Student: 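Quick one: this structure, given as structure tokens, is what I'll be asking you about.
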Amino acid sequence: MIDTSVKKNKRQRIQRTLASLMLFNILCFSAAPAVSLAAPNMLATADTTNATEDKATTEKATTNNAKPDKVPSIDQLGLEVSSAVLIEPSTGQVLLSVNADEALPPASMTKMMTEYIVAEKVKQGELAWDDEVTVKENAAKTVGSRIFLAEGDQHTVEELYIAMAVGSANDATVALAEHVAGSEEEFVAMMNDTAKKMGLKTAFFINSTGLSRADMPEKYRPEEDKETVMSAMDTALLAKFIVEDHPDFARFTAIQSHKFRDRDTNPIINYNWMLEANKDITNFKKYAYEGLDGLKTGHTNAAKYCFAGTAERDGMRLISVVMGTKSEGARFVESKKVLDYGFDNFEVKEVQTAGATVQGFENVEVKKGKGKEAALVTDKAVTFVVPKGSTGKNITFEAKQDSSSLTAPVAKDTKVGTVTYTYKIEGMKDTQTETVNLITAEEVEKAGWFSLFLRAIGDFFADLFDSIKNLF
């Protein structure tokens, strides 16, 4: 009986030992795939992010050690202006600046704000081009460039807009202002409010036309003894809003001449002599400029001769402003110098595509996911203005990762961090910068409990094997 009991206990011990060995083998084989997958991901994380858990990572890098790109100095242009500026509107990059931030009288370039507000009202459905406008006393008594409107006359919004944009008609401008806001005074309040919303730092308007206070009808002059002022930079930014928010602007600004009334002997002639369409007009062809289709001239004794121009060549649009030139023709001569400088020396280039990977930030660790990491890409393209022929090799970037890991489930396009690209051109004051988001390029679903269990066992044995290996 004792012998039987001993044999039984011995057999049970052997069975338990064999079962333990079998379980150990199963676990080892189950852990092997997890170990093999974990190794490269750990290396990738260590090499690309240098991150530790619960800490955001930052890395600066340069794409090349090339010398900075360079453009010619604007001093060689010999500009004869009180101020000037040249910008590329899609990037907002300033390419040339001469005293561009000084508030100066803009004369009829003021009308660009009136044009913008009226066009906005039409765009928003609050006004229609064929609406009838009845001329009031203020408009009828307004002097300077005009189409001789009489009180009680009726014309459509579009007819008056053309007179304003083409012939710089002060009376048409006031008529539109009063129609939109009830009075020119109320319209001016809208102008100044819009300027603030646009971020114009120096712009201040006292009327809708740009006339000096003394030239306004006495009854309708503002009580405060101030004048309209606006810097060349603010004028260029206003022009940028026009060309971007109303891309059909040239439907009005590029009109060479327009007969306002059937009975008029002579048509309104566009004060913008630089229109490309003038290349075959005897008096204007020496000023005609390839690709130019706007925007607005200006002249008063205080402002002298001004011009805000815009032209497009080979898919690149530029906006130029010159203020305080000495004559009607000089404003176009100086504008040509400014625009030539832009078109001769610069081009717009996409330096980083959307969906691009960033060196050092190719992926992010994902916890509790079916996959252990998610690929990272940029959410949009990066575009800079570069010197013609340049590849922009000396562009640098700084990437910031909000967290070293994510927890599944993770949706595609989840923001994980940012990348700021920086580009400096020698000879230009401003450094170009653009920030884009780092996002996940794929969805990572949450893993099931059994997969997570096996992964945990695999991680345990991987750590155990590493510890054993380090003993030798």
Side-chain angles (χ1 to χ4, degrees), residues 37-70 88 90-95 346-387 390-426 428-447:
L37 286 171
N41 286 340
M42 289 167 63
L43 289 172
T45 302
D47 290 343
T48 59
T49 66
N50 298 315
T52 56
E53 206 167 301
D54 299 325
K55 288 186 179 180
T57 59
T58 302
E59 184 172 317
K60 292 184 179 180
T62 177
T63 56
N64 201 298
N65 291 323
K67 293 181 179 180
D69 287 331
K70 186 176 182 179
E88 193 286 314
S90 71
T91 62
Q93 181 59 34
V94 178
L95 307 179
F346 298 97
E347 62 182 328
V348 178
K349 186 177 290 270
E350 185 178 281
V351 298
Q352 182 69 286
T353 60
T357 57
V358 178
Q359 182 181 356
F361 292 81
E362 290 89 350
N363 51 57
V364 63
E365 178 188 0
V366 178
K367 297 178 178 180
K368 299 183 180 181
K370 287 185 176 180
K372 298 191 72 174
E373 64 183 16
L376 298 179
V377 295
T378 54
D379 68 336
K380 63 179 181 179
V382 177
T383 301
F384 286 141
V385 178
V386 303
S390 169
T391 57
K393 288 184 178 179
N394 58 316
I395 293 170
T396 62
F397 71 86
E398 179 179 358
K400 294 182 180 180
Q401 195 169 309
D402 299 333
S403 176
S404 60
S405 64
L406 302 174
T407 301
V410 177
K412 185 177 181 292
D413 298 331
T414 297
K415 179 179 175 294
V416 177
T418 58
V419 188
T420 299
Y421 294 87
T422 303
Y423 181 46
K424 176 65 178 175
I425 300 175
E426 188 176 326
M428 291 180 61
K429 177 182 177 182
D430 296 332
T431 298
Q432 298 179 65
T433 61
E434 186 168 352
T435 299
V436 299
N437 291 326
L438 266 179
I439 60 173
T440 53
E442 56 203 352
E443 177 186 8
V444 180
E445 297 179 359
K446 186 174 182 178

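Just so you know, these numbers come straight off a predicted model, no measurement behind them.
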Student: Does Lys424 use its side chain to pair, donor to acceptor, with the backbone of Lys429 at less than 3.5 Å?
Tutor: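 Such a contact is found between Lys424 side chain and Lys429 backbone.
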Student: On a heavy-atom basis, which atom in Phe361 and which in Gln401 lie closest, and how many Å separate them?
Tutor: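 Heavy atoms of Phe361 and Gln401 come nearest at CD2-OE1, 3.4 Å.
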Student: What residues form a side-chain contact (heavy atoms from CB on, under 4.5 Å) with Thr353, not counting sequence neighbours?
Tutor: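 side-chain contact (heavy atoms from CB on, under 4.5 Å) check on Thr353 returns Glu350, Ala356.
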Student: Tell me, do Val377 and Leu438 make a side-chain contact under 4.5 Å, heavy atoms counted?
Tutor: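 Contact flag for Val377/Leu438 side chains = no.
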Student: Check step by step if side chain to side chain contact (heavy atoms under 4.5 Å, CB included) holds for Thr422 and Gln432.
Tutor: CA-CA 6 Å; Thr422 303; Gln432 298 179 65; over 6 Å; no
Student: Calculate, to the nearest 0.5 Å, the distance between atoms CD and OG belonging to Glu365 and Ser403 respectively.
Tutor: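 One finds 9.0 Å between CD of Glu365 and OG of Ser403.
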Student: Nearest 0.5 Å please: distance from the CD atom of Glu398 over to the OG1 atom of Thr433.
Tutor: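 Output value for this atom pair is 11.5 Å.
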Student: Walk me through it: do Val382 and Val436 pass the test side chain to side chain contact (heavy atoms under 4.5 Å, CB included)?
Tutor: CA-CA 8 Å; Val382 177; Val436 299; 3.7 Å; yes
Student: Quick one, Tyr421 and Thr396 - any side-chain contact, counting heavy atoms below 4.5 Å?
Tutor: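 Of all side-chain heavy-atom pairs linking Thr396 with Tyr421, none is under 4.5 Å.
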Student: May I ask you to test the Asn394-Asp69 pair for a side-chain heavy-atom distance under 4.5 Å?
Tutor: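 The answer is yes, as the side chains (C-beta and beyond) meet within the 4.5 Å cut-off.
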Student: What pair of heavy atoms forms the shortest contact from Val366 to Ala374, and how long is it?
Tutor: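 The pair with the smallest heavy-atom distance is CG2-N, 3.7 Å.
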Student: Heavy-atom distance under 4.5 Å between the side chains of Lys380 and Gln352, does that happen here?
Tutor: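 Heavy-atom side-chain distance check fails, nothing below 4.5 Å.
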Student: When the ring planes of Tyr423 and Phe384 are compared, do they come out parallel, tilted or perpendicular, using 30° and 60° as the limits?
Tutor: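 Ring orientation of Tyr423 relative to Phe384: parallel.
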Student: With no hydrogens and no angle check, is any side-chain donor or acceptor of Glu362 less than 3.5 Å from a backbone partner on Ala375?
Tutor: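 A pair under 3.5 Å: no.
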Student: Can you tell me if Glu88 and Ser90 form a side-chain donor-acceptor pair at under 3.5 Å?
Tutor: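 Per modelled atom types, Glu88 and Ser90 side chains form a pair under 3.5 Å.
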Student: To the closest 0.5 Å, what do you measure between OG1 (Thr91) and NZ (Lys349)?
Tutor: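 It comes to 14.5 Å.
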Student: Are Met428 and Leu95 close enough that some pair of their side-chain heavy atoms sits under 4.5 Å apart?
Tutor: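 SC-SC contact between Met428 and Leu95 confirmed.
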Student: Compare all side-chain heavy atoms of Val410 with those of Val364 and state whether any distance is below 4.5 angstrom.
Tutor: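 Contact flag for Val410/Val364 side chains = no.
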Student: Considering only heavy atoms from C-beta outward, does the side chain of Val386 approach that of Glu347 to under 4.5 Å?
Tutor: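 With C-beta onward as the side chain, the pair touches.
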Student: Working to the nearest 0.5 Å, report the span between CD of Glu373 and OG1 of Thr440.
Tutor: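 With rounding to 0.5 Å, CD (Glu373) is 12.5 Å from OG1 (Thr440).
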Student: Identify each donor-acceptor pair in which a side-chain atom of residues 413-420 lies under 3.5 Å from a protein atom, sequence neighbours left out, and give them as a table.
Tutor:
unit_1: Thr414; atom_1: OG1; unit_2: Ala411; atom_2: O; d: 2.6
unit_1: Lys415; atom_1: NZ; unit_2: Asp402; atom_2: OD2; d: 3.3
unit_1: Thr420; atom_1: OG1; unit_2: Thr435; atom_2: OG1; d: 2.8

